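Working notes, structure below.
Counting starts at 1 for both ligands and their atoms, following the listed order. Quantities reported herein were computed from a predicted structural model and do not represent experimental measurements.
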Amino acid sequence: VKSGFDYIKETEPTIDAFITLSEEKALAEAKKIDESPRSDLTPLAGIPIGIKDNIVTKAVLTTAASKMLYNFNPIYSATAVEKLESAGLVSMGKLNMDEFAMGSSTETSYFKKTKNAWDQTKVPGGSSGGSAASVAAGQVPASLGSDTGGSIRQPASFNGIVGMKPTYGRVSRYGLIAFSSSLDQIGPMTRTVEDNAMILNAISGHDAKDSTSSRRDTPDFTNLIGQDIKGMKIGVPKEFMGEGVHPDIRQAVKEAVKTFEALGATVDEVSLPNAVYGVEVYYIIASSEASSNLQRFDGIRYGYRSENISNLEDVYVNSRSEGFGSEVKRRIMLGTFSLSAGFYDAYFRKAGQVRTLIVNDFKKVFENYDLILGPVSPTVAFEFGAAQDDPITAYMRDILTIPVNLAGLPGMSVPGGFSEGLPIGIQLIGNHFDEEKMYQAAYAFE
Ligand code: GLN
């Protein structure tokens with residue numbers, strides 16, 4: 001833990017991954033572990049980890065990268081964080097992200113711009129950009145991210161690490177600052193597949209405090225690691241391999257197909273005809289849920305309150321106007337619009353119907369296949385500023401990750417090559433609660 005902080009301090013001026021370091025607390029925990037009898041130690045005891053700053057940590061500043069929460073010290077920890085602590089992992093601090101997890105480049109953070117670990121002129125991806133860059137730069141061996149529409153997988157892909165978005169319900173969302181409650185999931189980001197499975201072991205399981213968390217038993221996610229994948233059936237959706245995907249990335253997926261075939265899997269082209277509507281559906285559903293979830297930031301209960309107030313309405317209006325950044329405001333306006341009387345049927349209800357079509361597309365493929373394979377992102381890490389110019393173009397970049405959230409499926413990014421020195425991520429999508437098989441295939445591929 002101590003040498004971890006030394007290395008973090010050496011590299012932070014280049015990477016800017018952390019919003020808050022919890023050195024004193026971490027060193028105290030490490031000392032306690034050092035002084036415990038060996039027989040009391042869990043296998044992961046003393047391993048450092050970083051936490052995305054939208055996951056609440058008791059008495060440690062938690063901002064969701066927003067001015068709105070610049071001074072928010074939670075009075076409790078998220079279930080995932082409590083579970084990590086009881087597994088003996090030591091939290092080193094809180095990692096930068098897009099404000100309230102809205103974005104794909106970590107540039108909407110109120111605090112700082114995190115740099116890609118491979119090339120500091122490029123974005124780290126997002127919204128879990130700090131979580132990805134920190135692991136890739138070697139500051140921490142693992143981190144937690146959250147994925148609402150690709151926010152674990154895309155930054156993992158941009159930084160050449162392993163990122164898992166578990167099945168919806170696998171990991172408790174209690175203490176994850178809600179963005180879009182029907183899509184959000186916490187998941188691990190690590191350098192290797194096996195590390196990833198071990199962290200998922202630590203954070204999974206039913207939680208009475210999250211009514212959407214699953215009651216299924218949690219398997220040991222390392223169970224199938226090392227077993228061969230002969231006979232595994234993999235589908236590559238043709239919609240994921242179109243012109244919009246950079247040729248180097250399509251080539252990397254083709255190479256991955258060859259590797260899987262050489263390992264004994266059979267790979268076929270499949271179709272997800274409605275996945276192309278994923279982004280449109282997502283921006284209605286995610287923004288609608290966000291507009292409702294973010295109502296709690298009223299200048300009274302949490303964080304920032306405007307100085308400039310003379311009546312109650314000013315408290316709300318001025319605190320929210322000054323506390324939220326422009327991307328967050330855009331989502332609140334979009335969501336409020338789609339939920340309004342007169343527009344609800346045309347937008348929110350319709351989006352729900354198309355979401356069902358997307359769910360059914362995946363169901364059909366999983367009747368005959370074990371896994372789906374494709375790219376994570378149509379491009380590798382891009383320049384700073386590129387996402388800000390034109391929101392619609394930026395939103396479309398998430399077209400390969402968003403359908404997975406809409407269907408509640410598990411999806412992961414594993415490193416699968418380079419384009420001009422920048423990492424390419426390969427996406428594996430599993431059936432509901434089939435993470436074990438994804439780790440088996442990813443480990444064989446790694
Ligand atoms: N980039 C997407 C968005 O801006 C997804 C973010 C996420 O998964 N949290 O909403």
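For the pair Lys67 and Tyr304, the cation sits on the ring face: its NZ or CZ lies under 6.0 Å from the ring centre, inside 45° of the axis. Under a cutoff of 6.0 Å and an axis angle of 45°, Arg397 and Phe382 form a cation-pi pair.
Between the side chains of Glu289 and Ser182, at least one donor N or O lies within less than 3.5 Å of an accepting N or O.
By the 6.0 Å contact criterion, OH on Tyr277 is open, its count of non-hydrogen atoms from other residues, nucleotides or ligands being 12 or less.
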* For Met438 and Met164, run side chain to side chain contact (heavy atoms under 4.5 Å, CB included): C-alpha distance rounded to whole Å, both residues' side-chain angles, the deciding distance at 0.1 Å, then the answer. => CA-CA 10 Å; Met438 296 163 71; Met164 166 66 93; 3.9 Å; yes

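Protein residues having at least one heavy atom under 4.0 Å from any atom of ligand 1 are Ala101, Met102, Gly103, Ser104, Ser127, Asp147, Thr148, Gly149, Gly150, Ser151, Phe179, Tyr282, Tyr283, Arg331, Asp398, listed by chain and number.
A distance-only check finds a donor-acceptor pair linking the side chain of Asn405 to the backbone of Asp147 [under 3.5 Å].
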